[in-house]
Amino acid sequence: MRTRPLKVALLGCGVVGSEVARIMTTHADDLAARIGAPVELVGVAVRRPSKVREGIDPALITTDATALVQRGDIDVVVEVIGGIEPARTLITTAFENGASVVSANKALLAEDGAALHAAAEKYGRDLYYEAAVAGAIPLVRPLRESLAGDKVNRVLGIVNGTTNFILDKMDTSGAGYSEALDEATALGYAEADPTADVEGFDAAAKAAILAGIAFHTRVKIGDVHREGITEVTAADIASARRMGCTVKLLAICERAADGQSVTARVHPAMIPLSHPLASVREAYNAVFVEAEAAGQLMFYGPGAGGSPTASAVLGDLVAVCRNKLGEATGPGESTYTRLPVSPMGEVVTRYHISLDVADKPGVLAQVATVFAEQGVSIDTVRQQGKDGEASLVVVTHRAPDAALSGTVEALRKLDTVRGVASIMRVEGE
């Protein structure tokens with residue numbers, strides 16, 4: 001074993017960063033044995049230096065992150081500060097000054113991953129980011145390395161613990177969205193500002209990363225169709241139950257049947273209770289990967305939190321340090337397919353549509369005619385009426401999203417349709 005330690009700089013010391021520092025200290029001997037050399041934490045960049053950080057030598061604390069990554073003797077920089085800037089500049093500066101990087105920054109990677117990979121390649125450094133997607137669940141490395149010889153056709157999963165907790169509580173307790181969000185906030189699953197989670201931004205960033213790796217093409221967060229869960233109601237959950245389904249916020253990345261394009265989307269969807277994803281409870285994550293040779297693989301576990309995310313960070317740290325010792329680098333970005341990302345309008349799926357209609361003869365015929373004119377085939381219809389008003393629930397066969405949009409627009413023009421109460425996709429069948 002080499003006795004000279006590999007030097008590590010830590011950018012950020014919040015929930016994840018403090019766990020990374022703790023594990024590096026308490027498991028120092030094990031890490032050294034696994035890597036083949038000791039690792040030494042030589043600096044921790046923070047914004048509030050006066051905050052007490054148990055187990056971390058105050059002499060390591062600095063507010064000058066730029067100076068830390070410019071030292072020139074750092075082997076690996078661990079970035080867990082999040083956001084676009086200053087993280088982007090700090091990472092590229094680390095590459096320029098001889099350090100490889102381990103990051104948990106999904107937003108930056110989904111927005112500017114191509115430039116970061118290019119900088120890593122230019123300077124001969126590693127860029128690892130297992131912790132950016134699904135917390136402790138090994139997902140990036142299996143896609144990038146274990147399945148490198150296979151053809152991945154689909155990635156489908158629950159990649160945000162906050163939204164899964166909320167939807168699970170709505171399903172199991174009958175709570176409304178606001179009530180379930182309040183519980184998630186009280187338990188620490190939701191941030192004070194939950195927008196990134198509940199509006200699907202977090203899941204969309206992860207979908208962009210997963211699609212890029214799985215299909216060997218560049219996918220940015222702007223390419224991902226995104227819908228959150230704020231419009232999901234208790235009535236939607238009840239309708240799903242009547243169909244033998246539950247509602248989940250899904251990230252879905254697919255290769256087109258002809259292999260000439262890909263799609264990436266995040267939205268709520270009804271899935272059958274028989275589907276394995278339906279049993280993913282609380283704040284857990286689960287992802288299905290469908291590959292030609294390997295078949296269907298499922299990855300399941302805690303998708304967020306200090307310790308789970310730190311576990312993924314440390315796994316990358318070990319891999320990068322081993323590469324350093326071997327004077328090599330791991331796999332970089334693979335974009336050789338250069339597949340375009342198709343718009344949401346071309347995505348084909350099933351739909352559950354709830355309409356408020358007048359309770360009188362001929363309404364169902366009018367609605368069915370609209371669907372037929374738009375080329376959308378109806379699977380089932382359920383109608384309930386009382387005192388001149390009625391609800392009509394239509395479940396379609398598979399149809400393009402654009403055709404469904406045209407159908408809804410035409411339905412709104414019918415005098416007998418009072419309103420479209422909800423529209424939800426049906427997946428997993």
Side-chain angles (χ1 to χ4, degrees), residues 163 166-167 170-171 174 176-178 198-200 204 224-250 252 254 263 265-273 342-429:
T163 52
I166 292 170
L167 293 173
M170 292 176 69
D171 185 28
Y177 167 77
S178 296
V198 300
E199 294 292 357
V224 181
H225 174 82
R226 176 192 54 79
E227 299 172 31
I229 66 167
T230 56
E231 301 301 319
V232 177
T233 65
D236 293 327
I237 301 293
S239 291
R241 275 285 172 187
R242 282 192 289 270
M243 288 177 58
C245 294
T246 189
V247 177
K248 298 292 186 182
L249 183 72
L250 298 180
I252 305 171
E254 295 177 302
T263 59
R265 50 195 165 106
V266 168
H267 53 72
M270 295 181 179
I271 58 173
L273 293 174
S342 297
M344 186 63 187
E346 297 179 12
V347 171
V348 176
T349 189
R350 298 180 66 204
Y351 297 88
H352 175 282
I353 305 164
S354 180
L355 304 172
D356 295 327
V357 300
D359 187 15
K360 61 182 184 181
V363 173
L364 180 56
Q366 288 182 333
V367 170
T369 297
V370 168
F371 276 87
E373 289 174 345
Q374 296 294 324
V376 180
S377 176
I378 294 176
D379 182 15
T380 62
V381 177
R382 186 177 72 252
Q383 184 173 9
Q384 293 178 323
K386 185 179 181 181
D387 299 329
E389 297 295 328
S391 64
L392 192 65
V393 176
V394 179
V395 180
T396 74
H397 289 290
R398 289 172 62 82
D401 190 83
L404 191 280
S405 297
T407 302
V408 172
E409 184 177 349
L411 287 171
R412 295 185 194 277
K413 295 177 181 178
L414 294 178
D415 293 338
T416 51
V417 175
R418 311 299 193 208
V420 180
S422 69
I423 305 170
M424 191 169 295
R425 295 169 182 87
V426 182
E427 299 282 352
E429 295 182 317

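Hydrogens, waters and symmetry mates play no part in the numbers below; they use all other heavy atoms, side chains included.
From Leu364, atom CG reaches atom CD1 of Ile378 across 7.0 Å, with rounding to the nearest 0.5 Å. Expressed to the nearest 0.5 Å, how far CG of Leu355 lies from CZ of Arg418 amounts to 12.5 Å. Rounding to the nearest 0.5 Å gives a distance of 6.0 Å between CE of Met270 and CG of Asp236. Within the model, atoms NE2 of His352 and OG1 of Thr380 stand 8.0 Å from one another, a figure rounded to the nearest 0.5 Å. The CD atom of Glu373 sits 6.0 Å away from the OG1 atom of Thr369 when rounded to the nearest 0.5 Å. Taking OG1 of Thr246 as the start and CG of Asp171 as the end, the distance is 3.5 Å to the nearest 0.5 Å.
Between Glu427 and Thr349, the shortest heavy-atom distance links the atoms OE2-OG1, 3.0 Å. Minimum heavy-atom separation, Ala240 to Val247: CB-CG2, 3.9 Å. Among all heavy-atom pairs drawn from Ala410 and Val370, the shortest one is CB-CG1, 3.6 Å. The minimum heavy-atom distance between Ser239 and Arg382, with the atom names listed, is OG-NH2, 4.1 Å. Contact between Lys248 and Ile271 at its shortest, heavy atoms only, is CG-CD1, 3.7 Å. The two residues Pro400 and Gly345 have their closest heavy-atom pair at CB-O, 3.8 Å.
Looking at Val357 and Val417, their side chains come closer than 4.5 Å, going by heavy atoms from C-beta outward. Contact check for Ile353 versus Leu404: side-chain heavy atoms found under the 4.5 Å cut-off. Residues Thr263 and Glu346 have side chains not in contact (no heavy-atom distance under 4.5 Å, counting atoms from C-beta outward).
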*side-chain contact (heavy atoms from CB on, under 4.5 Å) between Val232 and Ile166, worked out*: CA-CA 10 Å; Val232 177; Ile166 292 170; over 6 Å; no
*What do the steps show when you test Met424 against Glu227 for side-chain contact (heavy atoms from CB on, under 4.5 Å), and what is the final call?*
CA-CA 11 Å; Met424 191 169 295; Glu227 299 172 31; over 6 Å; no
_If you apply the rule side-chain contact (heavy atoms from CB on, under 4.5 Å), what do you find for Leu249 with Val266, and how did you get there?_
CA-CA 7 Å; Leu249 183 72; Val266 168; 4.0 Å; yes
*Apply side-chain contact (heavy atoms from CB on, under 4.5 Å) to Tyr351 and Val408, showing your working.*
CA-CA 11 Å; Tyr351 297 88; Val408 172; over 6 Å; no
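Listed for the Arg226 side chain is no donor-acceptor partner under 3.5 Å among the backbone atoms of Gly200. Between the side chain of Thr407 and the backbone N or O of Gln374 there is no donor-acceptor pair closer than 3.5 Å. The backbone N or O of Val395 sits nowhere less than 3.5 Å from a side-chain atom of Arg350 that would complete a donor-acceptor pair.
Between Arg265 and Glu254 there is a salt bridge, since at least one side-chain N of the basic residue sits less than 4.0 Å from a carboxylate O of the acidic one.
In this view, Asp356 satisfies the side-chain hydrogen bond (donor to acceptor under 3.5 Å, both in side chains) rule with no residue, not counting sequence neighbours.
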